[in-house]
Amino acid sequence: MNATTPIDLRSDTVTRPSPAMRSAIAAAAVGDDQYGDDPTVNALQERVAALLGKEAALWLPSGTMANQVALRTLTRPGDDVIVSREAHAVWHETGGSAANAGVQLTEIGARGVFTAEEFLAAIKPRDHPMYPPTTLVEVENTHNRAGGVVFPQDEAVRICAAARKLSIASYLDGARLWNVAAATGRSLSELAAPFDLVGVSLSKGLGAPGGSLLAGSRDVVARALRHRRMMGGAMRQVGIFAAAGIFALDNNMTRLVEDHANAHLIADRLAKCRRIAIDLATVQTNILVVGLAPDAPDAMALVATARARGVLINAFGPRTVRAVTHLDVSRDQCMKAADVLVEIASGSTT
Ligand SMILES: *Cc1c(COP(=O)(O)O)cnc(C)c1O
């Protein structure tokens, strides 16, 4: 490694397309996707629909747009949407749910998960003169801010069954669903099965430069198509993105277990430091959310000192930082990064 190349653990979105992925992009057959003429987009949509066990899938530029289009498709303004505590939709979409879909989000549960009982207790019935009707439940799997934790599948099944009985739609924010499959051995179609609509991202652990998909029934995907256009997300020769996505599915899916092993490696090292609080039970995939003890530097100071020493991580709160492993960081780099973080936290060198 070049001594000046930082070890970038800010996110699994920082990966750069490899030469082989770039070749696939360069060679992609393309057409105008708004006429349905892009063969590579069509192939990717069919592939992802099949992987997720759904009738149809729709390509979108980003995971945030996938989430926003899902909300628009499955709700009406004024509706109530039940989500997990600290959901991506609550923290990372700049208020889009209120601005675009006009819905309110109700956070339930803890540490990224919730139970069917908690869901049932939070539902506001329709036809009440005061309550905003709950029309959608959203599950985030893996859960980003909770540290990449996996949502228990049996609970997802119970929640979606309860929702269906009450004519409440269900959406899976599966930006990192590939990591769930890698961590649990469950198939993507099993993970997606309980939900009406599922979002997945190609630009996280799979390493593509962009692109997300929504998958569901033909009818729901047809409605999503309209909202993609309305939000300005309908594009033209995006086969150049889709080719990267197909390449990523072919080459970068089975290796996700390496990212998980590297995250465990870092976690085990950090856990030995008295000034770092990490719950090893939450380290299930490729994300580490780490607390800093009162006698450790705060998050901003730790991030700045780590940056000066060639390790990039994100501040997630005043005394919380996040590190994410991905295909552009090796096992050796992860071990080195863990050593640097421990040294800074324990104040042994700066
Ligand atoms: C990253 C992420 C998104 C959004 O994806 P972008 O492509 O960054 O817009 C949505 N949901 C979750 C859980 C994510 O981690």
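We count ligands from 1, going down the list as the structure has it; atoms in each ligand are counted the same way.
H92 and T64 are not linked by any side-chain donor-acceptor pair at a separation below 3.5 angstrom, with hydrogens and angles left out of the test. Judged purely by distance below 3.5 Å, without hydrogens or angles, the side chains of Q153 and E190 never pair a donor atom with an acceptor atom.
D12 and K204 are not joined by a salt bridge, as no carboxylate oxygen comes within less than 4.0 angstrom of a charged side-chain nitrogen. The existence of a salt bridge linking D196 and R164 is confirmed by a sub-4.0 Å separation between a basic side-chain nitrogen and an acidic carboxylate oxygen. The existence of a salt bridge linking R309 and D339 is excluded, since no basic side-chain nitrogen approaches an acidic carboxylate oxygen closer than 4.0 Å.
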Side chains of residues 234-245: which donor-acceptor pairs under 3.5 Å do they make with residues two or more places apart or in other chains?
| unit_1 | atom_1 | unit_2 | atom_2 | d |
| --- | --- | --- | --- | --- |
| R236 | NH1 | D32 | OD1 | 3.3 |
| R236 | NH1 | D32 | OD2 | 3.2 |

May I have a table of the N/O to N/O pairs between ligand 1 and the protein that fall below 3.5 Å, each row giving the two atom names and the distance to 0.1 Å?
| unit_1 | atom_1 | unit_2 | atom_2 | d |
| --- | --- | --- | --- | --- |
| ligand 1 | 7 (O) | G63 | N | 2.9 |
| ligand 1 | 9 (O) | G63 | N | 3.4 |
| ligand 1 | 9 (O) | T64 | N | 2.8 |
| ligand 1 | 9 (O) | T64 | OG1 | 2.6 |
| ligand 1 | 11 (N) | D173 | OD1 | 3.1 |
| ligand 1 | 11 (N) | D173 | OD2 | 2.7 |
| ligand 1 | 15 (O) | N144 | ND2 | 3.0 |
| ligand 1 | 15 (O) | R176 | NH1 | 2.8 |
| ligand 1 | 15 (O) | K204 | NZ | 2.9 |

